[in-house]
Amino acid sequence: GVTGVQTCALPISERIADALLKGEAVLVNFKRMEPKDAKRVIDFVVGVAYAINGDVQKVRDEIFICSPANFQVQGNFDDEMVETFRHSEF
């Protein structure tokens, strides 16, 4: 499955890392985070993904999908899904 996370605080990096380590993909929305904090989170998450042979891909502006090894991200995220995610709270 894919977990959705709205980033509001820096400890979110640990939640993302924990999900990746459990073999779950995470869709992350950085819209509500300061750019400097978002960069710190993405740098940390890219490191975690690298360590487990996972991947981090940009889906749209401020939205990324982080996936563990052996998780295939295929196709495009349709606009309706992205808009629903942008307006939801997790």
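Going from atom OG of Ser67 over to atom CG of Leu27 covers 11.0 Å, rounded to the nearest 0.5 Å. The CE atom of Met33 lies 9.5 Å from the CZ atom of Arg40; values are rounded to the nearest 0.5 Å.
Residues forming a side chain to side chain contact (heavy atoms under 4.5 Å, CB included) with Phe44 (at least two apart in sequence, or on another chain): Ser13, Ala17, Val48. Here Ala49 pairs with Val56 under the side chain to side chain contact (heavy atoms under 4.5 Å, CB included) rule; sequence neighbours left out. Qualifying side chain to side chain contact (heavy atoms under 4.5 Å, CB included) partners for Lys58, counting only residues two or more places apart in sequence or in other chains: Asp61, Phe64. Every residue was checked against the salt bridge (Lys or Arg N to Asp or Glu O under 4.0 Å) condition with Lys36, not counting sequence neighbours, and none meets it. Annotation: side chain to side chain donor-acceptor pair (under 3.5 Å) contacts of Asp43 (sequence neighbours excluded): Lys39. Scored by the side chain to side chain contact (heavy atoms under 4.5 Å, CB included) test, Ile52 finds Leu20, Leu21, Pro68 as partners (sequence neighbours excluded).
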